[in-house]
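As structure tokens, the structure follows; a few thoughts come after it.
Since this is a predicted model, take the numbers as computed values, not measurements. Labels below follow one simple rule: chain letters A, B, ... track the order of the sequence lines, proteins then strands, and each chain is numbered from 1.
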2 protein chains.
Amino acid sequence: MQAIKTEATYTIGEFADLVNLTAPTIRYYESQGLLKARRNDSGRRYFTAADIKWVKFLLHLKGTGMSISDLKQYVTWRAMGDETIPNRLELLENTQADFLEKYREVQHHLEILTDKINWYKQKETGKTSGQEPFADYLKRMGHKE
Amino acid sequence: MQAIKTEATYTIGEFADLVNLTAPTIRYYESQGLLKARRNDSGRRYFTAADIKWVKFLLHLKGTGMSISDLKQYVTWRAMGDETIPNRLELLENTQADFLEKYREVQHHLEILTDKINWYKQKETGKTSGQEPFADYLKRMGHKE
DNA sequence: TATTGACTTAAAGTCCACTTTAAGTTGTAA
DNA sequence: TTACAACTTAAAGTGGACTTTAAGTCAATA
């Protein structure tokens, strides 16, 4: 029976695979201060389950449009403790607001794309007006521009 | 009474404003073959309402994730006539499929971001468990990772 | 008529987020 | 023990989509 339960660790390559990044990307993120790696006796990085959770969370934030420099700011505030919670909250809420605006925009782009696809399908099957301009089609579908 | 009804035309600057781009961007798009500009006697570009519609449509396609080179391909096929409709349709449907996949991904990112915001708000107001880890909070909310 | 702003071109520069290279060290399997 | 994959660093390179610069021409207003 062991007195000390040693936590599972991962080399940078294993870690990279686990979070779907590459080893150079992990090093890049570390160089940007987004994460910190522990080192073994010969100077090699190793990572733990907690690091996996952290990177996955970072990737979620990144996926909502936060830049590396936004993330850096977030990380800096996090390291400063609970008194920066209002700052972090504001940053995240701004990110959310920006995201939602873009989200609505791309939704509209998708509508137009879908309309165009349907217009082509109609044209292809010759079902209706083979000559109906796309602009008229959009109008008929209740979309503008 | 005029025999010839002259269509309204726009300089590149006016045109750029109308489609919310810059004049250099318009020139860049023209250089990439995404649009063609007519020229007046002194060699200056001018544009019409039809060009506005076309660029706006291009921007919708671009907004769904099509790259300049995708758009170039689309434009090339369009110029070749109706026998390339299946090609165009396939391109647009692939674009749509890729878009929808990304769309679902960012939706998940947004959920995590929103959860984090709510977690911070809870922490701030001290309403519930000021010490509850975010991972536990996510679990409680029915989200993973 | 003079000035100013808008246009013209080709080419170089920018930004972001990595990615690749180069040169060297270390750990592991045969 | 020898090979070979994986690690280390710093620095340079990449890709996409513009943006900026430079040097010059043209059009409209005071």
Side-chain angles (χ1 to χ4, degrees), chain A residues 8-48 51 55-75 95 98-99 102 105-106 109, chain B residues 8-48 51 55-56 58-75 91 95 98-99 102 105-106 109:
Chain A
T9 64
Y10 309 98
T11 66
I12 194 169
E14 291 163 344
F15 181 62
D17 286 349
L18 287 166
V19 296
N20 285 305
L21 294 174
T22 65
T25 301
I26 300 294
R27 291 191 197 99
Y28 169 69
Y29 282 179
E30 190 191 13
S31 79
Q32 297 306 299
L34 301 189
L35 54 92
K36 16 195 182 336
R38 251 129 298 137
R39 302 291 182 126
N40 68 16
D41 291 348
S42 51
R44 294 195 172 181
R45 292 172 182 83
Y46 67 87
F47 301 86
T48 67
D51 296 317
V55 169
K56 285 190 173 175
F57 174 60
L58 274 186
L59 292 178
H60 282 306
L61 293 188
K62 194 163 173 301
T64 61
M66 284 180 78
S67 64
I68 298 289
S69 104
D70 286 338
L71 293 171
K72 210 181 297 192
Q73 177 63 272
Y74 180 82
V75 168
T95 299
D98 292 352
F99 178 94
K102 281 204 179 172
E105 281 168 18
V106 300
H109 295 318
Chain B
T9 64
Y10 309 97
T11 66
I12 193 169
E14 292 162 343
F15 181 62
D17 287 348
L18 287 167
V19 296
N20 285 305
L21 295 173
T22 64
T25 300
I26 300 294
R27 290 190 198 100
Y28 170 70
Y29 283 179
E30 191 192 10
S31 79
Q32 298 307 299
L34 302 189
L35 54 91
K36 15 192 181 341
R38 249 128 301 134
R39 303 291 182 124
N40 67 15
D41 291 348
S42 52
R44 294 194 171 180
R45 292 172 182 82
Y46 67 87
F47 301 86
T48 67
D51 297 316
V55 169
K56 286 189 172 174
L58 275 186
L59 293 177
H60 283 305
L61 293 188
K62 195 164 171 300
T64 62
M66 285 180 78
S67 63
I68 298 289
S69 101
D70 286 338
L71 292 171
K72 209 181 297 193
Q73 177 63 273
Y74 180 82
V75 168
L91 176 57
T95 299
D98 293 351
F99 178 94
K102 283 205 175 170
E105 281 168 18
V106 301
H109 296 319

Legend entry - Euclidean distance, atom CG of residue B:Leu58 to atom C1' of D:dA17 [Å, nearest integer]: 15 Å
Legend entry - Any B:Asn20 side-chain heavy atom under 4.5 Å of B:Leu59 side chain: no
Inset, instruction - Mind calculating the distance between CZ (A:Phe15) and P (D:dA6) to the nearest angstrom? - result: 18 Å
Legend entry - Between C:dC16 (C1') and A:Lys72 (NZ): distance, integer Å: 11 Å
Inset, instruction - State the CG-OH distance between A:Leu34 and A:Tyr28, to the nearest 0.5 angstrom. - result: 8.0 Å
Inset, instruction - Would you check if the side chain of B:Asp51 reaches a backbone N or O of B:Thr48 as a donor-acceptor pair within less than 3.5 Å? - result: yes
Inset, instruction - Take the protein atom CG of B:Asn40 and the nucleotide atom C1' of D:dC26, then report the distance between them rounded to whole Å. - result: 10 Å
Inset, instruction - Tell me, with the steps shown, if A:Phe99 and B:Val106 meet side-chain contact (heavy atoms from CB on, under 4.5 Å). - result: CA-CA 9 Å; A:Phe99 178 94; B:Val106 301; 3.9 Å; yes
Inset, instruction - Find which nucleotide of DNA chain D each of B:Asp41 and B:Ser67 is nearest to by heavy atoms, and output the residue with the more 5' nucleotide. - result: B:Ser67
Between the protein and nucleotides 6-10 of chain C, list every N/O to N/O distance that falls short of 3.5 Å.
| unit_1 | atom_1 | unit_2 | atom_2 | d |
| --- | --- | --- | --- | --- |
| C:dA6 | N3 | B:Arg44 | NH2 | 3.4 |
| C:dC7 | OP1 | B:Thr11 | OG1 | 2.9 |
| C:dC7 | OP1 | B:Gly13 | N | 2.8 |
| C:dT8 | OP1 | B:Arg45 | N | 2.7 |
| C:dT8 | OP1 | B:Arg45 | NH1 | 3.0 |
| C:dT8 | OP2 | B:Arg27 | NE | 3.0 |
| C:dT8 | OP2 | B:Arg27 | NH2 | 2.9 |
| C:dT8 | OP2 | B:Arg45 | NH1 | 3.2 |
| C:dT9 | OP1 | B:Arg39 | NH1 | 3.3 |
| C:dT9 | OP1 | B:Arg39 | NH2 | 3.0 |
| C:dT9 | OP2 | B:Arg45 | NH1 | 2.8 |
| C:dT9 | OP2 | B:Arg45 | NH2 | 2.8 |

Inset, instruction - Could you tell me the separation between the CZ atom of B:Arg45 and the OG1 atom of B:Thr11, rounded to the nearest 0.5 Å? - result: 11.5 Å
Legend entry - Interatomic distance, A:Phe47 CZ vs D:dT8 C1' [rounded to whole Å]: 13 Å
Legend entry - Spacing of A:Leu61 atom CG relative to C:dA17 atom P, expressed in whole Å: 14 Å
Legend entry - Distance in Å, B:Ile68 CD1 paired with B:Lys62 NZ, rounded so as to fall on 0.5 Å steps: 5.5 Å
Inset, instruction - Drop me the distance from B:Phe15's CZ to B:Leu35's CG, to the nearest 0.5 angstrom. - result: 6.0 Å
For nucleotides 18-20 of chain C, give me every protein contact, N/O to N/O, under 3.5 Å, one pair per line with atom names.
| unit_1 | atom_1 | unit_2 | atom_2 | d |
| --- | --- | --- | --- | --- |
| C:dC18 | OP2 | A:Tyr29 | OH | 2.7 |
| C:dC18 | OP2 | A:Lys62 | NZ | 3.3 |
| C:dT19 | OP2 | A:Thr25 | OG1 | 2.8 |

Legend entry - Distance, rounded to the nearest Å, where B:Met66 contributes CE and D:dG16 contributes P: 15 Å
Inset, instruction - Mind checking the CD-CD1 spacing from B:Glu30 to B:Ile12? Nearest 0.5 Å is all I need. - result: 7.0 Å
Legend entry - Nearest-angstrom distance from the residue atom CG of A:Asp17 to C1' of D:dA5: 14 Å
Legend entry - Separation between CG of B:Leu18 and NZ of B:Lys56, rounded to the nearest 0.5 Å: 7.5 Å
